[in-house]
Amino acid sequence: MKELVKLIATALVDHPESVVVTETEQEDAIFIQLKVAPEDMGKVIGKQGKIAKAIRTVVKAAASKTDKKIVVDIEQ
């Protein structure tokens with residue numbers, strides 16, 4: 001999942017070198033943190049959060065084979 005989020009985020013931003021994705025796995029959930037440059041936040045979130053929602057939807061669909069909850073958090 002980490003690679004998928006990084007691939008999507010680097011395609012969206014102007015500064016792909018500043019994209020950092022960390023993944024933490026617990027018993028029943030996988031937490032993915034996406035960090036981008038402050039000037040790229042708007043591109044990752046999108047108008048009314050539509051791009052962020054789309055990223056979360058794609059990741060959840062890719063993780064549907066696992067029985068774990070997926071949480072994608074976007075930070076500066």
Side-chain angles (χ1 to χ4, degrees):
M1 298 308 135
K2 178 180 174 180
E3 295 82 19
L4 177 63
V5 173
K6 187 165 187 160
L7 178 72
I8 294 170
T10 54
L12 292 172
V13 299
D14 288 335
H15 305 287
E17 68 279 354
S18 66
V19 174
V20 178
V21 180
T22 56
E23 182 177 89
T24 307
E25 191 167 340
Q26 294 182 355
E27 294 176 10
D28 58 344
I30 298 173
F31 296 96
I32 299 173
Q33 289 185 325
L34 170 61
K35 293 183 183 180
V36 296
E39 56 270 9
D40 289 330
M41 283 298 288
K43 293 180 180 167
V44 174
I45 294 173
K47 288 186 180 181
Q48 298 178 349
K50 288 184 180 182
I51 300 211
K53 185 177 179 182
I55 292 171
R56 290 183 178 112
T57 302
V58 169
V59 172
K60 286 179 185 179
S64 64
K65 294 179 183 176
T66 65
D67 293 331
K68 295 186 178 187
K69 178 181 175 184
I70 303 292
V71 178
V72 179
D73 187 32
I74 301 170
E75 300 177 356
Q76 277 188 4

Pairs of donor and acceptor atoms involving the side chains of residues 6-16, under 3.5 Å and at least two apart or interchain, shall be tabulated with distances.
residue: Thr10; atom: OG1; partner: Lys6; partner atom: O; Å: 2.9
residue: Thr10; atom: OG1; partner: Leu7; partner atom: O; Å: 3.1
residue: Asp14; atom: OD1; partner: Lys43; partner atom: NZ; Å: 3.0
residue: Asp14; atom: OD2; partner: Lys43; partner atom: NZ; Å: 2.2
residue: His15; atom: NE2; partner: Glu39; partner atom: OE2; Å: 3.3

Without placing hydrogens or testing angles, list every side-chain donor-acceptor pair under 3.5 Å for residues 68-76, not counting sequence neighbours.
residue: Lys68; atom: NZ; partner: Glu25; partner atom: OE2; Å: 2.4
residue: Lys68; atom: NZ; partner: Gln26; partner atom: O; Å: 3.4
residue: Glu75; atom: OE2; partner: Gln33; partner atom: NE2; Å: 3.2

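- When all heavy atoms are compared, the tightest approach of Ile32 to Val21 is CG2-CG1, 3.7 Å.
- Under the 4.5 Å side-chain criterion, counting only non-hydrogen atoms from C-beta, Asp40 is not in contact with Val19.
- A chain of hydrophobic side-chain contacts below 4.5 Å, direct or via other Ile, Leu, Val, Met, Phe, Trp or Tyr residues, connects Met41 to Ile55.
- How far NZ of Lys53 is from NZ of Lys60: 9.5 Å, rounded to the nearest 0.5 Å.
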